[in-house]
Amino acid sequence: MRLDQLGDFQRTHRNGDLRLDHAGQTVRLLGWCRRVRNLGSLVFLDLRDRWGLVQLVANEETADPQLLAKLKAVRSEFVLAAEGVVAGRESRNPNMATGDVEIRLTGLRILNTAAPLPFPLEDEGVGEDLRLTYRFLDLRREELQRNMVLRSEVANLTRNHFRELDFIEFETPILTKSTPEGARDYLVPSRVHAGEFFALPQSPQLFKQLLQVSGFERYVQICRCFRDEDLRADRQPEFTQVDVEMSFVRQEDIQGVIEPLMVKVSKLVGKDVLTPFPRLPYREAMEWYGSDKPDLRCAIKIQDVTAPFATSGFNLFRAAADSQGQRRVRALFFPGEAAGLLSRKALDGYQDQAKQMGAGGLPYAKWGKDGLSSSFKKFLDAAAEAALKDHFRVEGEGLAIFAVGTDTQTSRILGDLRVKIATDLAATEKDPALSTLFHDKNTFAFLWVVDFPLLEWSEEHQRFIACHHPFTSPHPDDLDLLETNPGACRAVAYDLVLNGYELGGGSIRIHDAETQSRMFRIIGIGEAEARAKFGFLLDALSFGAPPHGGLALGLDRLVMLLAGKDNIREVIAFPKTSQARCLMTDAPSPVDERQLRELHLLPEAKQTYRVGAVFFESAEGGSPELRGQALQQIGQLTPRQAQGLVTFDAQGQILDTQTLSGPTFEF
RNA sequence: GGGGUUGUAGCUCAGUCGGUUAGAGUGCCAGCCUGUCACGCUGGAAGUCGCGGGUUCGAGCCCCGUCAGCCCCGCCA
């Protein structure tokens, strides 16, 4: 098809803006054809641009035959420039923002054609692999367009927010140094320095701290970070974080800067959020919610019910009571009608889930109209039954689900179950009143989890490792515990949590060299190693580093939650699959051997020489020494073998000979 | 590294107990159609049943392996 030129065509309006007020005006529009409806001598076409959709129309009476024929030749996703007069419609479409008007075509340029799309842009259920392969088409879909706009707005709002607070935006290196601890690094081989590597940053952590030492006091960066770990629905190997660092601050100061930002971005999607956000110590988060990122939309808390079973006939529970705190009985209690919504089948499902997490079973007690039914009722005497009912303050109906084990085991089982059940209950939507008790889709429940442990014992490494990172300041009240009981030492570290997702985390940092050295020592980094890896940091801390701290927010996750999605790929323009591939570009992919050699990633073994007329040409610029060896070797070859490529290893041994066509060369 | 799940026409899917010619809707192509807006009507083309191997007289269906997408555990300071 012969294409038209854009030429001097100028857009006069955005398609989505046209209303009856524009009637009679001649307008010039641009965009893509969403669909043609050809009724014979009357043709409709929906023209889409970034801002909306408007209907074009032409018929035999109003348009000349050439124009009509051209319009009929248009297919879906053709790129068009249209000129026409705005007019009210004979039959209006209330489902469309521009449904009261249509454009009576007076001119049409076909700027480009389009092959039939591999998938329809309107359908929801298209396979994600296909969408990712043709991501540039997927991004034409209204929802992804909306998500990208939202993402852009969040980024802008964030920049403005920090700018108003006198923050300075920095760019820190992408090619940087590999750091121990933490996630696996993406490595970049150095061509100039054989055998040495850059690492892509897992975060600009040390740079932003050094900028505090430099005296900038308020740092912000919206930066890409890289972690070579396995993916999840909310995790990509490269992701964007809002990185913040401030001098002369306490934890509350950082939180005080972030909270108003969260209020603003929530407002973008019509959500009102109250500040200050609740602060929940890590220990309480684990005790009540079994998670360090609790979803506070659900009001149900985990309860300790070890005591009511202390004298019970149910051995499993009584043994826990006798274990002096080693093992506990903990429970989730769902009061009232919520209990009735949980079917026996659902309970079986939860039990399977709990067993996968290492629970022996999932004992339950259900109070209904017929009194108590329970998986362990036969072990309970009247007194125990009464104690149980009294403990949960059961009035009418109720359901208790139990787990027995250590703190960690029961937290994991009941913490996961709490979220699962709340989600399921919310999905039933049988009673709007329940939404105050369980997951309310329309609520944003922010909170800070604070007082994280500084260190945790690693079975794998047989030493303590930093929970957050090794630059995190110990809690001033716990400094004495550092050497005596490291596991009990708290950190001045805090996570921002929204609806069960960790949105970000931060800490007050160590700002004196001595404490930093102490910290390295405790996590098993010796003085020499600390010097080699973090010498610049220790130096910096010794030249007047101010007290400082900060945090990093996951921008992708934030936008995901604002967009109401449960998958991070929906808010990233070009994401990777769960196997860390890009289906569109097919990265990662193999590279030429030549590239690998340049980067010193292949042994320098092979040297290939072409046997020419009277001289040897080295493809790799081999040393004179090697060339001499090669000559010697070739001298031992028969003339037939000598016509071609001869490959040697580093010791000058012949690895391969390859005969080439061409004039015969004789030694 | 481990577990679960999916893979059939361009797309979304159905396919019975293993049975001889693998279907539907949609999209695409062609024709007709003056008020459509998921236009309608008529006709047509369109398949490496992910790939490889095996069992069987016979495999889309059963078995083994493998690849890819998705979800989870481990991992992610």
Side-chain angles (χ1 to χ4, degrees), chain A residues 34-47 53-63 68 72 75-77 87-96 98-99 102 104 114-134 137 179-185 202-203 205-206 225-237 239 352-353 356-358 412 416 420 452-456 458-461 464-472 491 493 495 502 505-507 519 523 525 552 554 566-567 569 576-581 583 586:
Chain A
R34 188 179 75 154
R35 185 176 279 117
V36 184
R37 290 179 295 280
N38 180 352
L39 278 65
S41 49
L42 172 68
V43 181
F44 298 100
L45 185 154
D46 295 331
L47 188 69
L53 200 63
V54 72
Q55 174 169 283
L56 312 181
V57 66
N59 66 36
E60 279 178 343
E61 287 143 30
T62 60
L68 198 62
K72 285 181 182 179
R75 296 289 177 270
S76 288
E77 301 304 315
R89 290 198 196 182
E90 269 182 41
S91 50
R92 300 187 172 171
N93 183 348
N95 300 320
M96 222 172 146
T98 61
E102 61 192 3
R104 296 202 176 136
L117 264 43
F119 58 90
L121 298 186
E122 277 83 19
D123 280 18
E124 284 300 309
V126 179
E128 197 171 355
D129 44 351
L130 193 68
R131 291 176 49 203
L132 289 175
T133 306
Y134 297 94
L137 295 179
T179 52
E181 309 268 317
R184 270 186 283 266
D185 289 314
Q202 297 180 26
S203 100
Q205 180 61 35
L206 291 176
C225 300
F226 306 84
R227 291 175 193 176
D228 187 8
E229 295 293 345
D230 288 350
L231 278 56
R232 290 286 186 281
D234 63 348
R235 252 161 48 188
Q236 282 273 303
F239 59 98
D352 290 344
Q353 185 189 326
Q356 277 167 22
M357 285 186 294
R412 276 198 63 187
D416 280 19
K420 181 89 176 75
F452 274 84
L454 182 71
L455 301 156
E456 62 183 336
S458 164
E459 287 296 330
E460 186 195 336
H461 300 99
F464 280 100
I465 58 171
C467 284
H468 186 50
H469 56 55
F471 320 110
T472 303
D495 276 2
E502 181 192 331
S507 62
M519 185 68 181
I523 61 174
I525 299 180
D566 54 15
N567 193 306
R569 293 185 296 273
K576 312 249 184 313
T577 68
S578 70
Q579 294 305 306
R581 286 195 162 278
L583 295 180
D586 204 26

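Throughout, a chain's letter reflects where its sequence line sits, starting with A, and its residues are numbered from 1.
Put simply, the side chain of A:Arg89 and the base of B:rC37 share a donor and an acceptor less than 3.5 Å apart. No N or O donor and acceptor, one from the side chain of A:Arg227 and one from the base of B:rC76, sit under 3.5 Å apart. For a distance-only test at 3.5 Å, the side chain of A:Asp129 fails to qualify as a donor-acceptor partner of the base of B:rG7. Side-chain to base pairing of A:Glu102 with B:rG35: one donor and one acceptor N or O lie within less than 3.5 Å of each other.
In this structure, the side chain of A:Thr98 engages the main chain of A:Leu53 through a donor-acceptor pair within 3.5 Å. Side chain of A:Lys72 to backbone of A:Gly40: a donor-acceptor contact under 3.5 angstrom is found.
Summarising the geometry, the separation between CG on A:Leu56 and P on B:rU34 is reported as 20 Å, rounded to the nearest angstrom. Rounding to whole angstrom units, CG of residue A:Leu583 and C1' of B:rC70 are separated by 12 Å. In this structure, the CG atom of A:Leu42 is 10 Å from the C1' atom of B:rC39, given to the nearest Å. Protein atom CZ of A:Phe44 is 16 Å distant from nucleotide atom P of B:rC33, rounded to whole Å. Straight-line distance from the CD atom of A:Glu128 to the P atom of B:rG7: 17 Å, rounded to whole Å.
The nearest pair of heavy atoms linking A:Leu137 to A:Leu121 is O-CD2, 3.5 Å.
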